[in-house]
Chemist: 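A single structure is presented below for examination.
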Amino acid sequence: MTSLASIKSNLLSFQTNTLKCVRATKAEPNRLAAARYRAPRQKPDVPVILIASSHDQLVNTTCSKQIASQWQCPLSLHPYSGHDLPLDDPHWLAEVIMEHMIIRR
């Protein structure tokens, strides 16, 4: 059983490792890769929740809304975060994941 503290710890670890990677490579967002992405028409055979950020400069939330509608799955939108949601608000992300796990039980 995964606890909220465990999810938060994993997200904070991810945040630290990602920041190291970004600093090392000085990478800029790859808009071309995002533009080429096409979601499968069918939802995966596992429980799915889509999580997006309302101020994402790389992926338009309209795309996430369309996928959620096509797949008939829940969508959680962060009210102010950008594309790097695990970095911007890991606690909010952990809460959304935990709520989804609790609802599924």
Chemist: For residues Asp88 and His83, report the shortest heavy-atom separation together with the two atoms involved.
Modeler: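 Distance-wise, the nearest heavy atoms are OD2-N, 4.4 Å.
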Chemist: Looking at every heavy atom in both Thr61 and Ser53, which two are closest together, and how far apart are they?
Modeler: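 The pair with the smallest heavy-atom distance is CG2-O, 3.1 Å.
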Chemist: Can you see which heavy atom on Gln72 is nearest to which on Lys43, and at what distance?
Modeler: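 Residues Gln72 and Lys43, closest heavy atoms: O-NZ, 4.4 Å.
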Chemist: Can you tell me how far CG of Leu50 sits from CD of Gln66, rounded to the nearest 0.5 angstrom?
Modeler: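 Gln66 atom CD to Leu50 atom CG measures 12.0 Å (nearest 0.5 Å).
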Chemist: Is it true that a side-chain atom of Asp84 and a backbone atom of Leu87 form a donor plus acceptor pair closer than 3.5 Å?
Modeler: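 No, Asp84 side chain to Leu87 backbone: no donor-acceptor pair under 3.5 Å.
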Chemist: List the steps, then state whether side chain to side chain contact (heavy atoms under 4.5 Å, CB included) holds for Ile67 with Leu75.
Modeler: CA-CA 9 Å; Ile67 293 170; Leu75 169 66; over 6 Å; no
Chemist: Compare all side-chain heavy atoms of Lys65 with those of Leu77 and state whether any distance is below 4.5 angstrom.
Modeler: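 Side-chain contact under 4.5 Å: yes.
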Chemist: Roughly how far, to the nearest 0.5 Å, is the CD1 atom of Ile51 from the OG atom of Ser64?
Modeler: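 These two atoms lie 10.5 Å from each other.
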Chemist: To the closest 0.5 Å, what do you measure between CD (Glu99) and OG (Ser76)?
Modeler: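 Separation between the atoms: 7.5 Å.
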Chemist: List the atom of Tyr80, the atom of His55, and the distance in Å for their closest heavy-atom pair.
Modeler: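 Heavy atoms only, the tightest pair is CA-ND1, 3.3 Å.
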